[in-house]
Structures are given as structure tokens and as C-alpha cells.
Amino acid sequence: INAASDKCGAVSYYEYMNVMRILPILLVAAGLLAGPALAQPQGIAEYVAINDSSVRDGQIVVLTKDGYRISDETYSQNIYGVTTIDPAVAWSRLPKSGTTAVVNNGTTNVLVNDSEGPIALGDWITTSDQRGFGMRAAQPGMVLGRALSELPSGAGSGTVTVSIAPGFATPESIDEIPLSPGAALA
């Protein structure tokens, strides 16, 4: 037992979640995750009723007191996940009428724009004011996850693969994530 931290070699939830946020980026950077593995959605979805009549694949969904809806504001505090037409895994066997698969864990393709500049590998993605689209997070706030592909400068809009992990982040926090259990304690 480490008396300074009261740990018995166990990894804390915080450490585990930080490692899970960076792992897909490390695999892509090392060339271990590429090609077909990134082309197909690898996310876990849940079928939910979205309060909107025109839902498209790759749109960011938020959860409000009035239910699920497509995002339409920058840095939304209520990010839930991303719509998909082809989830890798879904929590229900068959979708119910009027529901949409929403990935809230794993990787999936997300509609994005370059309103905060081009998107590079590892950039945090947050909501933009373009309905359903994400953008590169340029300030601290709620994020959807990290980009596993890029949107080049001048592209306007497109699709990037994102490792979904909704939470709070700062644009610089890629350097703050411990890459091995216990690294933050050293």
C-alpha cells in the first residue's frame, strides 16, 4: 500500500477514463488502427426518441429537460452523443418506431465544420452553432471527444471520425493526460 495515496495498485476511475480518451489517438498515431477499422463505426449506441423530424447520420445530439434533440449552439453543456444509421453495437435488439441510434461510447463519424479552424488528429471536438455539426474546441468547455481523422483548412465542412467521450476539456489538455496508470502520481 502506498501510504501517500492510499492506493493498493488499483487504477482510479479518473486515470482509467483519461487513458481511454487517449488510447484511440495513440493507436492511430502508431499506425495500429487504420483503414477499415476507422472506416466502420465502432460505437455503442442506444435507440432514443429525438425531438426533431429531420435527423441525419453523424449529427451531435444533446439531452435537455425536454428530451433529446439535435445540437444547435456552441459549447453545449448537454452533449449526449452522435446519430448513426449503422451502429457497431446497440443496446436494444430492434429499434422502436420513432427512435434513432445514438452513439455515446466508442468511435463514430461526426459532421463537423471549420468555424474554429481546421481539425487535426487529437483535437477536441465540441458543438457548433451549425445544426448538428461539431467544430474544433478552441476554448475550455464541454466536448464530444477527440478527432481520429482530420478536416483540412478551407474544407468548410465534412466528416471526421471521433472517439466519443463527452466531458469537460481544455484545448491544451492532450498534454495533461497520463499515458500510463500512476503517471499522474509521479
Side-chain angles (χ1 to χ4, degrees), residues 11 13-64 67-71 76 78-113 119-128 130-137 142-151 155 157-169 174 177 179:
V11 176
Y13 176 77
Y14 173 77
E15 291 168 330
Y16 171 79
M17 289 307 295
N18 280 335
V19 169
M20 294 313 292
R21 282 183 168 182
I22 193 76
L23 184 61
I25 296 163
L26 295 174
L27 292 173
V28 169
L32 298 174
L33 182 61
L38 287 177
Q40 297 298 319
Q42 303 294 318
I44 299 172
E46 176 181 8
Y47 285 96
V48 299
I50 298 176
N51 297 330
D52 199 303
S53 60
S54 58
V55 176
R56 295 174 40 192
D57 190 38
Q59 290 181 307
I60 300 175
V61 175
V62 294
L63 177 58
T64 68
Y68 299 94
R69 65 177 180 78
I70 301 301
S71 68
S76 173
N78 304 309
I79 299 173
Y80 182 74
V82 179
T83 60
T84 183
I85 58 171
D86 187 24
V89 177
W91 286 117
S92 65
R93 292 185 203 175
L94 297 172
K96 295 178 183 171
S97 177
T99 62
T100 302
V102 177
V103 173
N104 57 15
N105 192 345
T107 62
T108 194
N109 296 323
V110 179
L111 295 169
V112 293
N113 63 42
I119 296 172
L121 178 69
D123 280 348
W124 289 111
I125 303 300
T126 189
T127 56
S128 75
Q130 184 178 357
R131 191 177 166 282
F133 280 66
M135 64 180 184
R136 182 179 66 85
M142 291 301 292
V143 295
L144 175 66
R146 289 193 181 267
L148 298 178
S149 59
E150 299 179 349
L151 181 71
S157 63
T159 303
V160 297
T161 304
V162 175
S163 175
I164 307 298
F168 184 88
I174 190 166
I177 296 175
L179 300 181

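Any value given below was found using the heavy atoms of this structure, including those in side chains, with hydrogens, waters and symmetry copies removed.
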Indicate yes or no: at least one non-hydrogen side-chain atom of [X] is less than 4.5 angstrom from one of [Y].
X	Y	answer
D57	D86	no
T159	L111	yes
R146	W124	yes
I125	V112	yes
I70	V61	yes

Pair V48-L63, side chain to side chain contact (heavy atoms under 4.5 Å, CB included): steps then yes or no: CA-CA 10 Å; V48 299; L63 177 58; over 6 Å; no
Kindly compute the distance separating [atom1] ([X]) from [atom2] ([Y]), expressed to the nearest 0.5 Å.
X	Y	atom1	atom2	result
Y80	L144	OH	CG	12.5 Å
R136	E150	CZ	CD	12.5 Å
E46	T99	CD	OG1	10.0 Å
T108	I85	OG1	CD1	10.0 Å
I119	S149	CD1	OG	8.5 Å
M142	N78	CE	CG	8.0 Å

Report yes or no: does [X] contribute a side-chain atom to a donor-acceptor pair with the main-chain N or O of [Y] at less than 3.5 Å?
X	Y	value
S163	G145	no
T161	L148	no
T127	S76	yes

Which heavy-atom pair separates [X] from [Y] by the least distance, and what is that distance?
X	Y	result
A155	L151	CB-CD1, 3.7 Å
A120	A147	O-CB, 3.6 Å
F133	S157	CE2-CB, 3.9 Å

Would you mind telling me which of V143, T107, V82, V110 makes a side-chain contact (heavy atoms from CB on, under 4.5 Å) with V162?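 The residue from V143, T107, V82, V110 that satisfies side-chain contact (heavy atoms from CB on, under 4.5 Å) with V162 turns out to be V110.
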Check the pair Q59, T100 against side chain to side chain contact (heavy atoms under 4.5 Å, CB included), reporting the backbone distance first and the verdict last. CA-CA 11 Å; Q59 290 181 307; T100 302; over 6 Å; no
